[in-house]
2 protein chains.
Amino acid sequence: MTKLRGRRPTIDDVAREAGVSRGTVSRVLNGGHWVSDGARVQVEKAIKSTGYRINPHARSLATSRTGSVGFLLTESYERFFSDPNFLQILRSSADALAGHGMTLVLIMADTLDERHRATEYLTGGHVDGALVVSSHRDSQEFLAELLAARLPVISAGIPLGFEEQVGYVTADDEGGARAIVEHLGAHGRTRIVHLAGPQDTSGGTGRLQAFRTVIGDAYSDERVAYGDYSRESGASAMREILAREVPFDAVFAANDLMAAGAMDVLAQAGLAVPEDVAVVGFDDSPVAQQTTPQLTTMRQPFDRVSEEMVRLLVDEINGRPAGRMVIPTELVERGTV
Amino acid sequence: MTKLRGRRPTIDDVAREAGVSRGTVSRVLNGGHWVSDGARVQVEKAIKSTGYRINPHARSLATSRTGSVGFLLTESYERFFSDPNFLQILRSSADALAGHGMTLVLIMADTLDERHRATEYLTGGHVDGALVVSSHRDSQEFLAELLAARLPVISAGIPLGFEEQVGYVTADDEGGARAIVEHLGAHGRTRIVHLAGPQDTSGGTGRLQAFRTVIGDAYSDERVAYGDYSRESGASAMREILAREVPFDAVFAANDLMAAGAMDVLAQAGLAVPEDVAVVGFDDSPVAQQTTPQLTTMRQPFDRVSEEMVRLLVDEINGRPAGRMVIPTELVERGTV
DNA sequence: CGCGCGGCTGAGAGCGCTCCTAGTCCATAC
DNA sequence: GTATGGACTAGGAGCGCTCTCAGCCGCGCG
């Protein structure tokens, strides 16, 4: 064993130790094809004995790959981290990436300053691509900069304003909304109101559009009130509807949190769920099981979404054109009809 | 202007364009010392015209510096992100690092799998050092691994079990606790109970120890109940104390959230704050201003803490020995005495 | 016996920077 | 005139990898 004088062992040290060439060690390191069993064993032994760790920067320089992708957060931290859906997408994206041997690095870009730094970082060659979530319309120029730098990007949800230019994975908002209205209809509920989500996100608009289309002539603007996906906004949207005195026997909320807020208000107003009014949410987030009765909702398969986002991103990094993907949702029937 | 065939411009392209050597461009890039004004101007012009961006991996390879540090999270996401203190440390650390030209990369290490990946990442040469927060005792082996890899590490709070081996920055828990007891005494409150924080963190133990020492003979175990810094735990600790029927005229809670929980319980029990019982918290987090009356508390200067952590870390990265630092706290008098 | 071929290996040439050293140039000092 | 030194510059060496390609070896086949 040759001396290192305290420096980190390099691939050459391993090669020397194993009695093979640098090239052979490199081949072992990268899948081990075209390496004889004997050589592989020697190399593995040498790696262990020297305590060799690959130098990621040298590798990146040679391959012009970094092995990491940015997970871009343009939402305020508080908002993001209090939404269990986001957290789940984050987690399962990290897992999916690990499956491809890549690491996720979380990039927060809430304040202007942070956005500037984030752009620098992302376009500066630190990552191979980026996953963006919660792209409100106000993050458009941000996206544009990433695109201009030719950074592979995949969005969770349809990136409004960039539908043609960036790949995305989204749950089937329209299909889900349609199924909800039909489900309600099957239970004899046809006077439906909709608590819509933010209209600068594809989920918000998609669900509203579908609701509108499906109920057709029964539609009128007073059957819709808007919120921002928070529980509180669901409550106030519900109050708004009640104040309008439109007759209704069912509420379709744009997400579970808003549905929960609506149920709070309904209870206060002395309306029984589901007897007097049925309530259906969207997401199947943890809160759906915490309401009484438990909430019937349209499940968004976030695991699938993350998985597919990663797949598409990896594809795009490898030069295959950006894909688009719509993932079906699934009705979870619980106690609110 | 020479052609690039779609590849990213390199330092050589800039040099050629500016009519100087690679070395000169590099000098401009790194502070611009020993460069004539003329040359600098030409180089800057060339950088702009070519759209040159430094290649971080090439630079890292040459300097064996990455320019980024890990912000290590061993807490559960939910817990971490719902604690405004953490969020503030995160933010101001990122700012402070930016001031040194470095970037923060957030590393989540909650599950076992994630911890494994995190260790790989941190010790694999991706970062120059790490900031660790909320190091409960159960993250000891984790810390040990980082240390074994000779990674510079600075801890927020005293890293129990590693006091001698890793640098840290902590608020003055003992001094703060002492000042609280004295403040209470000055208001005639001497029958104090303490709602202690988790005893596997230095904040939790430090405040309890100081409380115990300062009240001296007045101390007895029944004057202490334990919690985990959450509001709910503060409430149940308070209930525990009430059930014990020890006489008390003041509550010293280990943090503001627990104090708020205690105040909820006190109100239910029909005890007036501060008339019947005084309450003092610790942290001066946002919740201290949301209670009625607003909470008197000991402010922890998280901005200072982050700043100093970054300073110490940078020092250590530059080969100066790890420092330790205790930052004074400051009493914020509001309505609970 | 010569040839081709598959399996495997070694070595050179980069990747794009920074660092170091030798050197140039010019102004001032002797 | 030459020597001295400060300001600046060029370019080679090297950071630790991967990639490519030529070459080796042994085997089966004509």
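Here is the naming used below: chain letters follow the sequence lines, and residue numbers restart at 1 for every chain.
- Scored by the side chain to side chain donor-acceptor pair (under 3.5 Å) test, R324(B) finds no partners at all (sequence neighbours excluded).
- The salt bridge (Lys or Arg N to Asp or Glu O under 4.0 Å) search around D12(B) returns R22(B), not counting sequence neighbours.
- A heavy atom lying under 4.0 Å from DNA chain C marks none of the residues of residues 116-124 of chain B.
- Residues H126(B) and T66(B) have side chains not in contact (no heavy-atom distance under 4.5 Å, counting atoms from C-beta outward).
- With a 4.5 Å cut-off on side-chain heavy atoms, D13(A) and Y52(A) do not count as touching.
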Annotated protein contacts, base or backbone, on nucleotides 23-28 of chain C with a non-hydrogen cut-off under 4.0 Å, one of B, S, - each: ------
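- Rounded to whole Å, atom C1' of dC19(D) lies 16 Å from atom NE2 of H33(A).
- Between S36(A) and dG7(C) there is no side-chain N or O to OP1 or OP2 distance below 4.0 Å.
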Under 4.0 Å protein heavy-atom contact, by nucleotide of nucleotides 14-20 of chain C - B base, S sugar-phosphate only: BBBBB--
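- Taking five base pairs at each end of the helix from dC1(C)-dG30(D) to dC30(C)-dG1(D), the local helix axes there meet at an angle of 60°, rounded to 10°.
- Residue pairs that meet the salt bridge (Lys or Arg N to Asp or Glu O under 4.0 Å) test with at least one member in residues 145-154 of chain A, sequence neighbours left out, do not exist here.
- The two residues G32(A) and R40(A) have their closest heavy-atom pair at O-NH1, 3.1 Å.
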Which atom pairs, one a donor and one an acceptor, fall under 3.5 Å between side chains of residues 310-319 of chain B and the rest of the protein, sequence neighbours left out?
from: R311(B); atom 1: NE; to: E308(B); atom 2: OE1; distance (Å): 2.8
from: R311(B); atom 1: NH2; to: E308(B); atom 2: OE1; distance (Å): 2.9
from: D315(B); atom 1: OD1; to: R320(B); atom 2: NE; distance (Å): 3.4
from: D315(B); atom 1: OD1; to: R320(B); atom 2: NH2; distance (Å): 3.2
from: N318(B); atom 1: OD1; to: R65(B); atom 2: NH2; distance (Å): 2.8
from: N318(B); atom 1: ND2; to: V314(B); atom 2: O; distance (Å): 3.3

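- A 4.5 Å side-chain heavy-atom check between L151(B) and L147(B) finds every atom pair outside the cut-off.
- Every residue meeting the side chain to side chain contact (heavy atoms under 4.5 Å, CB included) condition with L61(B), not counting sequence neighbours, appears here in chain and number order: N55(A), A58(A), L61(A).
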Tabulated below should be each protein N or O lying under 3.5 Å from an N or O of nucleotides 5-7 of chain D; please produce it.
none

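- dG7(C) atom C1' lies 12 Å from atom CG of D37(A), rounded to whole Å.
- Using a 4.0 Å cut-off between a side-chain N of Lys or Arg and a carboxylate O of Asp or Glu, K45(B) and E17(B) do not qualify as a salt bridge.
- Remark: side-chain polar atoms of T24(A) are not paired, donor with acceptor, to backbone N or O of V20(A) under 3.5 angstrom.
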Intermediate values then yes/no, side chain to side chain contact (heavy atoms under 4.5 Å, CB included), V133(A) and I89(A): CA-CA 9 Å; V133(A) 294; I89(A) 292 187; 4.2 Å; yes
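- Counting heavy atoms from C-beta on, the side chains of D303(B) and Q88(B) come closer than 4.5 Å.
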Identify every side-chain donor-acceptor pair in residues 158-170 of chain B under 3.5 Å, counting partners at least two apart or on other chains, and give the distances.
from: E163(B); atom 1: OE1; to: G161(B); atom 2: N; distance (Å): 3.2
from: E163(B); atom 1: OE2; to: G161(B); atom 2: N; distance (Å): 3.4

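- Residue pairs meeting the side-chain hydrogen bond (donor to acceptor under 3.5 Å, both in side chains) criterion with at least one member in residues 93-110 of chain A, sequence neighbours excluded: D95(A)-R117(B), D110(A)-R91(B).
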